[in-house]
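The next block holds one structure in the form of structure tokens; read it before the comments.
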Amino acid sequence: LPIIRAQNSPDYIPVANFYKVEAILRPWRIQKVSSALLKIGIRGVTVSDVRGFGAQGGSAERQAGSEFSEDNFVVKVKMEIVVSKDQVEEVIATIIGEARTGEIGDGKIFLSPVADVIRIRTGERGEKGERMTGGRADMFSAGSSST
Ligand code: AKG
């Protein structure tokens with residue numbers, strides 16, 4: 001990846017065409033988040049059942065007992081979405097808008113550069129590899145595609 005500023009600087013900025021938005025979320029907010037993402041044209045979403053803890057060590061604010069497992073790791077869902085650079089901020093805002101309760105345990109979002117996206121079926125890479133049928137590119141080209 002091209003790097004702006006010295007690579008060994010703590011404030012270097014990796015530049016990429018694609019970014020992975022990785023969100024650790026409350027399981028019961030996943031449905032709201034994914035339907036909001038669908039509405040803005042996001043089609044490729046991966047979720048995993050995960051357990052973890054943050055600054056509270058997984059032990060604070062036991063307002064929802066069922067969220068906690070025996071060993072104090074809190075049950076969460078990890079949602080991973082790889083999008084082109086221009087979609088990153090809208091995706092982050094959408095996730096926050098649907099996932100935030102304002103209480104401890106809302107989770108976190110991690111953003112990382114992604115070097116390439118490759119569709120296994122076709123071998124397409126880059127923008128073609130990332131594009132999803134019915135997704136953003138189709139939504140924006142709907143008016144002009146008939147010409
Ligand atoms: C933490 O461990 O930092 C927490 O936020 C625990 C509370 C939760 O995730 O529900």
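In listed order, ligands and their atoms are each counted from 1.
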Polar contacts were defined as any N/O atom of the residue lying under 3.5 Å from an N/O atom of the ligand; does this apply to [X] and ligand 1?
{"X": "Ala55", "answer": "yes"}
{"X": "Gly58", "answer": "yes"}
{"X": "Gln56", "answer": "yes"}

Gly105, Gly107, Gly54: member with heavy atom nearest to atom 1 (C) of ligand 1
Gly54

Distance-only polar pair, side chains of Thr122 and Glu124, donor-acceptor under 3.5 Å:
yes

I'd like to know if the side chain of Arg119 reaches the main chain of Lys128, judged simply by a donor and an acceptor atom lying under 3.5 Å from each other, with no hydrogens or angles considered.
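Yes: the side chain of Arg119 pairs with the backbone of Lys128.
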
Quick one: closest heavy-atom pair of Gly41 and Met139, and the distance?
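Looking at all heavy atoms of both residues, the closest pair is CA-SD, 3.3 Å.
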
Tell me whether Lys76 reaches ligand 1 (any heavy atom closer than 4.0 angstrom to a ligand atom).
yes

From Tyr19 atom OH to Ile92 atom CD1, the distance as rounded to the nearest 0.5 Å:
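Interatomic distance, Tyr19 OH to Ile92 CD1, rounded to 0.5 Å: 10.5 Å.
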
Quick check on contacts: which atoms of ligand 1 are under 4.0 angstrom from a heavy atom of Phe53?
2 (O)

Using the salt bridge (Lys or Arg N to Asp or Glu O under 4.0 Å) definition, which of the options Arg26, Arg29, Lys32, Lys39 pairs with Glu98?
Lys32

